[in-house]
Amino acid sequence: MFGCLVAGRLLQTNLTQVDDTHAYFELPNASTINHLCVFLTDPFPEGYGAAVHFFWPGKGFQLLGMLSNEKPSAIFRLRGTYSGETFSAAQNRFSTFSTVQTPGQQDVTAILGLSVEPLAQIQAQLQSLPSSVVSGLDLSRDPTKLAERIVKHLFNFISGFTSGPLSPDVAVPMGIIAKWYEMFLSKVRAGGIGFLERED
């Protein structure tokens, strides 16, 4: 019913079912994960969705967001956004996760947990999160941030055509800006604006 894709790794379909409404993916070498994508492979029953939780051994759970029939996939940025829900608050959802880390490992195995629940319950959980966590990569919710990322993308593109640092005195041919514009629109049409967030 779910798939998981960690940026730079093969697609994961090795979902472990806990019960009828809870399942998880193990994420080895978790310290190297910046972004991950979760998606549906089959639709939910009407009125249901999945809360997406992230578990880091020793830090507990964090609610990342949700999936639904209207939003069948989501990308989450993990690095720099972990706030940590206390383990006791989420322990009943995924009690088997506390034993995931293997002693002596150089890196940890984190967990991406999925809890199928009525949409109203998931929305109530999301209301308690800071807006920066809920929005994930949805730059469209912050027009200022989106504009900043677009300008940064243009600046980086133009920088590749100059022999020195850009300054107010450097003239940029309109052909270069037109080339950037065509390439930028092509990327947006192909996959949305997520590439702007990945360029941190």
Side-chain angles (χ1 to χ4, degrees), residues 2-13 25 27-41 43 49-54 56 62-84 106-108 110 112 114 123 126-127 129-200:
F2 302 100
C4 175
L5 181 62
V6 174
R9 301 187 188 179
L10 293 173
L11 174 67
Q12 284 185 242
T13 56
F25 289 100
L27 305 173
N29 300 318
S31 67
T32 64
I33 299 174
N34 289 316
H35 298 85
L36 60 82
C37 176
V38 188
F39 54 90
L40 291 180
T41 57
V52 181
H53 301 267
F54 181 72
W56 187 275
Q62 176 178 334
L63 177 62
L64 296 178
M66 67 174 289
L67 296 176
S68 67
N69 291 337
E70 291 71 35
K71 184 184 176 186
S73 65
I75 300 172
F76 300 104
R77 178 178 177 170
L78 299 182
R79 181 142 309 168
T81 60
Y82 190 88
S83 61
Q106 290 186 336
D107 205 338
V108 298
L112 185 72
L114 299 147
Q123 291 293 347
L126 292 174
Q127 294 297 322
L129 290 179
S131 60
S132 61
V133 174
V134 176
S135 63
L137 295 186
D138 191 0
L139 291 172
S140 62
R141 294 186 185 199
D142 187 347
T144 304
K145 192 73 168 172
L146 176 59
E148 179 185 308
R149 292 299 174 94
I150 292 171
V151 171
K152 180 180 175 185
H153 189 272
L154 172 61
F155 185 83
N156 290 339
F157 183 83
I158 291 172
S159 296
F161 291 91
T162 61
S163 56
L166 282 178
S167 71
D169 300 327
V170 174
V172 178
M174 286 302 293
I176 292 176
I177 295 175
K179 185 176 180 180
W180 166 81
Y181 181 72
E182 290 171 11
M183 181 267 302
F184 185 84
L185 282 184
S186 176
K187 279 188 165 186
V188 171
R189 287 185 189 115
I193 60 173
F195 70 94
L196 292 171
E197 184 70 23
R198 291 191 293 271
E199 292 179 356
D200 273 349

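Just so it is clear, the model here is predicted, and its values are computed rather than measured.
- One finds the CD1 atom of Ile33 at 4.0 Å from the CZ atom of Arg9 (value rounded to the nearest 0.5 Å).
- Within the 4.5 Å cutoff, the side chain of Phe76 has heavy atoms near those of the Val38 side chain.
- Heavy atoms only, all atoms of each residue included: Leu27 and Cys4 are closest at CD2-SG, 4.1 Å.
- A heavy-atom distance below 4.5 Å is not found between the side chains of Leu154 and Phe184.
- Taking CG of Leu5 as the start and CD1 of Ile75 as the end, the distance is 9.0 Å to the nearest 0.5 Å.
- For the atom pair CZ (Phe25) and CG (Leu36), the distance works out to 10.0 Å, reported to the nearest 0.5 Å.
- In this structure, the side chains of Leu64 and Leu112 come closer than 4.5 Å at one or more pairs of heavy atoms.
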Before you tell me yes or no, could you show the steps for Thr41 and Phe2 under side-chain contact (heavy atoms from CB on, under 4.5 Å), namely the whole-Å CA-CA distance, both residues' side-chain angles and the distance that decides it to 0.1 Å? CA-CA 5 Å; Thr41 57; Phe2 302 100; 5.8 Å; no
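- How far CG of Leu67 is from OG of Ser73: 7.5 Å, rounded to the nearest 0.5 Å.
- With a 4.5 Å cut-off on side-chain heavy atoms, Lys179 and Phe157 count as touching.
- In terms of heavy-atom proximity, Ala51 sits nearest to Leu63 at CB-CD1, 3.9 Å.
- Across every non-hydrogen atom of Gln123 and Met66, the tightest pair is NE2-SD, 3.5 Å.
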